[in-house]
Amino acid sequence: MTAPHPVPGERSDGESNQGERSESNPRTSAALRAFAALPTVLVATDYDGVVAPIVSDPERAFPLPGTMDTLRALAAAPGVTVALVSGRDRATLRALSGADDPLVTVGSHGGEFDDGFTARELTDDRRALLATVIAQLTDIADRFPGAAIESKPTSAALHVRNAGPDGAVALEEARRGPATIAGVHATEGKAVLELAVVEASKGHALKVLRAAVGADAVLYLGDDVTDERAFAVLRGPDSGGPDVSVKVGAGDTVAEYRLPDPEGVRYALRELLRLRSDGR
Ligand SMILES: [Mg+2]
């Protein structure tokens, strides 16, 4: 992992008007300009912590005002496809974000796609395996107050954000237990372990979307460890490619660019929309 280049100028000064920024980092702006000039592009973004600020109740994680409008406007522009790629199940992602056509929604870390991409039906064996995983995770969660199970069509997640310090113990039990069953694919997140019965990653999701769209370049924004698998399939200027990988917030990353928070994301997306509108 390498530290991305610093982006002074993207920091909020706390005095700005509702988080609006009038300045942008020259390096990020240059990347957005080059990206915007390409004929066919895919703009893909994680949801939580990027479009929607992180809140303690995940059922109330709503988009930052203005961000979804900008994504819709981008999606309406010729040659631009916009996708939300989330660890959440696709139905919840659509409900919380308000995303509908033409925005593409991918749920469960790439386990659930829009119709027209790769719909996946579970076999009976996989369905039985998922039931076993959910039963074992539930056994663990029941012993740790605040721990919760999120059940999705192709996976189940153990959330310990509200379980206090014991949450780490619960996650370790899940890693040593159901995560080791043959055919189970584990994905680590912030205070969450997701166990899928189909192979799914955000990196795989971006490959599928890139091919389906025929994109000349892909922009991806993400804030979590699961987003690293998406950044890893992109080739940006550092490796001679046209893609733009953007880590949101602090932490190690393989992404080539960084934005501080969802306000910074909103600003950058507006800048991209402006560039796409002006330059064409
Ligand atoms: Mg996130």
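Atoms within each ligand, like the ligands themselves, are counted from 1 in listed order.
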Are any of the side-chain nitrogens in [X] or [Y] under 4.0 Å away from the carboxylate oxygens of its partner?
{"X": "K247", "Y": "D227", "answer": "no"}
{"X": "D89", "Y": "R94", "answer": "no"}
{"X": "E150", "Y": "R88", "answer": "no"}
{"X": "E173", "Y": "R143", "answer": "yes"}

Pairs involving residues 223-248, ordered by first then second residue, that meet ring-ring contact (aromatic ring centres under 6.0 Å, His included) (sequence neighbours left out):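 For residues 223-248, and leaving out neighbouring residues, the ring-ring contact (aromatic ring centres under 6.0 Å, His included) pairs sorted by first residue read Y220-F231.
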Distance criterion under 2.8 Å: protein N/O/S atoms around the Mg ion (ligand 1):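 Of the protein's nitrogen, oxygen and sulfur atoms, 3 lie under 2.8 Å from the Mg ion (ligand 1).
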Short side-chain to backbone donor-acceptor contact, R258 and G249, under 3.5 Å: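 Yes.
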